[in-house]
Amino acid sequence: MGDALDAAYRADRDRVLARLIGILRDFDLAEDALQDALVAAASTWPVHGVPVNPAGWLVTTARRKAIDRLRSGAASERRNRAWGELSVAWDIGDGTQPIADDRLRLIFTCCHPALTLEAQVALTLRSLGGLSTEEVAKAFLISETALAQRIVRAKRKIRQAGIGYRVPAPDELPDRLAAVLAVVYLIFNAGYLPPSGTDLVRVDLCDEALRLIGVVIDLMPDGPEPLSLAAMMHIQDARRDARVDPQGVPLTLEEQDRSRWDTEKVAAGLALLDRARSVDRPGPYQLKASISAIHVSAPRSDLTDWNTIVRLYDALLLWEPTPVVQLNRAVAVAMADSPAAGLSLMDDPALARPLAEYHLFQATRADLLRRSGRLEEAAVAYRRARQQTNNEAERRFIDRRLQALDAPGVPGGIPKS
Amino acid sequence: MQYMLMIHNDPSTHPTPGDPEWGQLMADYAAFSEQLGSYTGAPLNDPSTATTVRIRNGETLVVDGPFEETKEWMSGYYVIECDNLDQALKAAAMVPSAKFGSVEVRPVAEM
């Protein structure tokens, strides 16, 4: 019976919570009431059996518990904290009907641009995710107290500034959807490219982001950008196991053993991209997913269609004219044409200056210098990149490159044996 | 809910009377205010006309000048009724001075 409760909790927690916030108009009251309902389930389900519709039962019970809480001593304080005039909807059925899906409203509320990006991420992971506060705090390298504080502040702003519990109108949707996708991708990348720590990939965050984008796709099945982001994340995730060697050192796309790519995930990613393309409304994520698809479709790295990738980056620059996109385009040009051609693009101050402190800029530059035979300059660039990253796995990768160049990792350090 | 839209401008980048854009700006404000329908609000004179009052130890102190000397100053405000923040933000984006300065949106506290 505990298993039934666990299963209902895991499968339906976000749906139940989203619905309760929709009914109660108060994040904290909804969370407390859901907790009460779970306690009630733990004692009644073993006696009376698992209800036909566990999620509906939880919503009905939690609503009743919320009303109890509002009537109790703390009610006056509660009512003051409640979202405007608290009106509890009464027509929510007897717990046997499927519950309305409010998760889209919850996602758009959590990812509202009036909240800081950090708050959006924290609130999204806490409200819609399956991770504990402790796990979220650990993933973003902040204390649990700081994370809890961030969430409290975000909920307070939602309530006091009147951030609506709503799906944006069509004219607002493109911008607001972009904000949601940015949060999901940020969570994925925090798992895929951890800024520090010893792991190269934090699987829990990647899985969480894949689950979140799955929810968005289920709820907005015709949106080409969510489909494209999902495609890109699946394709990236398919290479997860091949990204590091047995010693935990990262491998470049070129070095990876392609037979270790997860073909099922690749196929799922490509199918998602096909669905996105069928809508004929291109966007930045569709272009990025198309680039990932070209990489993953090449049977060998030297068979990669770099000319098409350059053209896709040209198109992406129209949407996102950022130095990072220019850097990626420079790499594609280096591969399609020559390392020297890529380097001359990278040494353009408009690109180089804003990225001077970015370790992937230095590491990429080092790689192109190495390919051009400018080995001493390559070593200097690798050492700068090494200073700029706190990720141990990345550092091991750079050390290996420096050893291959026959140059010490830190001045005066590790001579090659 | 009620929201206050506080319009902050840097006079060195915002049109002033006599500038070629001034007439258009005033027409835009008239159109915006009409579109809002019911609102409270007004433009304010510049900070050189400000006088600040404080009471300390029972004594009223009156000094020439604004509360705080800043490059940007509040040049006007609207108080409007909205269903939610999104509506208020949409209205803020339509304030003609948003193209030159910035519009801070704050909910009126419910007492």
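We use all heavy atoms of the structure for the numbers below, so side chains are in, but hydrogens, waters and symmetry mates are not. Order of the sequence lines fixes the chain letters, A, B, ..., with proteins taken first and strands second; residue numbering starts at 1 for each chain.
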Closest non-hydrogen atom pair, B/Met1 against A/Ala161:
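So the minimum-distance heavy-atom pair works out to CE-C, 4.0 Å.
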Assess whether atom CG of B/Asp64 is packed by more than 12 heavy atoms of other residues, nucleotides or ligands within 6.0 Å.
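Result for CG/B/Asp64: open.
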Quick check on A/Arg211: does its CZ atom have over 12 non-hydrogen neighbours (other residues, nucleotides or ligands) under 6.0 Å away?
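Yes, CZ of A/Arg211 has more than 12 neighbouring heavy atoms, counting only those of other groups under 6.0 Å.
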So if I take each residue of residues 80-104 of chain B and look for any heavy atom under 4.5 Å from a heavy atom in chain A, which residues do I end up with?
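So far as heavy atoms go, B/Asn84, B/Leu85, B/Asp86, B/Leu89, B/Lys90 are the residues that approach chain A to under 4.5 Å.
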